[in-house]
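Notes follow once the structure below has been shown.
Order of the sequence lines fixes the chain letters, A, B, ..., with proteins taken first and strands second; residue numbering starts at 1 for each chain.
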Number of protein chains: 2
Amino acid sequence: MLRLSTRGQYGVRAMYEIARGYPVQPVTIKEISENQDVSVAYLEQILNKLRKAGLIKSVKGPGGGYLLSTSPEKISIASIVSELEGPVAITSCLDPEEGCVRVDNCVTHLLWKALGEQIEAFLKTITLKNLVSGDIYSIKEKVAGI
Amino acid sequence: MLRLSTRGQYGVRAMYEIARGYPVQPVTIKEISENQDVSVAYLEQILNKLRKAGLIKSVKGPGGGYLLSTSPEKISIASIVSELEGPVAITSCLDPEEGCVRVDNCVTHLLWKALGEQIEAFLKTITLKNLVSGDIYSIKEKVAGI
DNA sequence: TTAATACTTGACAAAAAGAGTAAGGTTTTA
DNA sequence: TAAAACCTTACTCTTTTTGTCAAGTATTAA
């Protein structure tokens, strides 16, 4: 249950690769593809979205590739995933685009809303820097501190 | 992203209805169906699973229906949802049935694992009693205390 | 200038998951 | 003994997911 799509997963892994080139070394799609074992065509779709969202920028021509738009500690996992999959919406009635018919007499509405907020808050606290620095302990601490 | 299926959602809402009859008044599928606007046939599927899991018990014959197996404060949302949808597994490599090929060189593995644990822990703290008593403030507090 | 490198776009399709229906049971008890 | 209520299995329709494919456009090193 509550599974993340491959787009979100691959997107984070691609951003991790790009972050490793920060601040000056552009990373090509081919490199990401080989390191993360995801097809070039699929990555193109994903990186295109991230570029339009302003999270990365691209450099064309030989020697080109992708670069982070800003420093790794300013890019949260939440920002990556929400660009690729839209906002966290545990139920369809919490989706901003769909809306809820029952809201007030739906006892569970607040529950799912709270869970969504919990998830979002967690993903906001983790950045690319945490990933790149292999700073897994801080992640563990964050979990411990539920 | 991270959407719960209708089975999980309806399951929680059905359990809420049954909890309102606790400890002695059996609640029929028809009542749940009408109150929660879910078809009887679909509810049968869902309640069947919850009964097999031991969360509810059924009383047959006229005047029969469903009852909680234990008191509402002992039944967490986590237990309901995990019966209906399986364990929280943000990515397929965290699914106990699938396993992960890359584990060690997959930098994001720990991240998704941590998120899953976070979600599970949250859902474990919320029980049917919180729902029935309209105890939304305690839920809000739990969220605030991330 | 030009060819190699690299990014861009949109359409499409196979596969999997989700949502729900249908039909025909069995069990219980007023 | 029939109505009330639960039980089971199978099936289908729809949506989402997961990619692939093909044909571009832009840039720049040589």
Tell me every residue that passes side chain to side chain contact (heavy atoms under 4.5 Å, CB included) with A/E31, counting only those two or more places apart in sequence or in another chain. A/V27, A/T28

Between D/dC7 atom P and B/K49 atom NZ, what is the distance in whole Å? 15 Å

Just to verify, what does A/D95 make a side chain to side chain contact (heavy atoms under 4.5 Å, CB included) with, not counting sequence neighbours? A/A89, A/E97, A/E98, B/R3

State the CG-CD distance between A/L84 and A/Q45, to the nearest 0.5 angstrom. 10.5 Å

Side-chain N or O of B/K52 versus OP1/OP2 of D/dT8: is the shortest distance under 4.0 Å? yes

Residue-phosphate contact under 4.0 Å: A/R51 side-chain N/O, C/dC7 OP1/OP2: no

Close residues, residues 75-84 of chain B, relative to DNA chain C [heavy-atom separation under 4.0 Å]: none

Side-chain heavy atoms of A/R20 within contact of A/L68, under 4.5 Å: no

Run the numbers on A/E83 and A/K49 for side-chain contact (heavy atoms from CB on, under 4.5 Å), then give the verdict. CA-CA 7 Å; A/E83 282 306 331; A/K49 274 200 172 184; 5.9 Å; no

Take nucleotides 13-30 of chain D nucleotide by nucleotide from the 5' end and write B, S or -, depending on whether a protein heavy atom sits under 4.0 Å from the base, only from the sugar-phosphate, or from neither. -----BBB-----SBS--

Between atom NZ in B/K57 and atom P in C/dT28, what is the gap in whole Å? 16 Å

Whole Å only: how far is the CG atom of B/L43 from the P atom of D/dT8? 16 Å

Should B/N48 be listed as having a side-chain N or O under 4.0 Å from OP1 or OP2 of D/dT8? yes

Mind running a 4.0 Å heavy-atom check of residues 22-30 of chain A against DNA chain C and sending the residues that fall below it, in number order? A/T28, A/I29

Any donor and acceptor pair, going by atom type alone, linking the side chain of B/S69 with main-chain N or O of B/G54 inside 3.5 Å? yes

Can you check whether B/G8's main-chain N or O pairs, donor with acceptor, with B/E85's side chain at less than 3.5 Å? yes

Remaining members of hydrophobic cluster (4.5 Å side-chain criterion), B/V24: none

Does B/S79 reach the main-chain N or O of B/I75 with its side chain, forming a donor-acceptor pair under 3.5 Å? no

May I have the distance from A/R3 (atom CZ) to C/dA17 (atom P), rounded to whole angstrom? 8 Å

Do the side chain of A/N130 and the main chain of A/T127 share a donor and acceptor less than 3.5 angstrom apart? yes

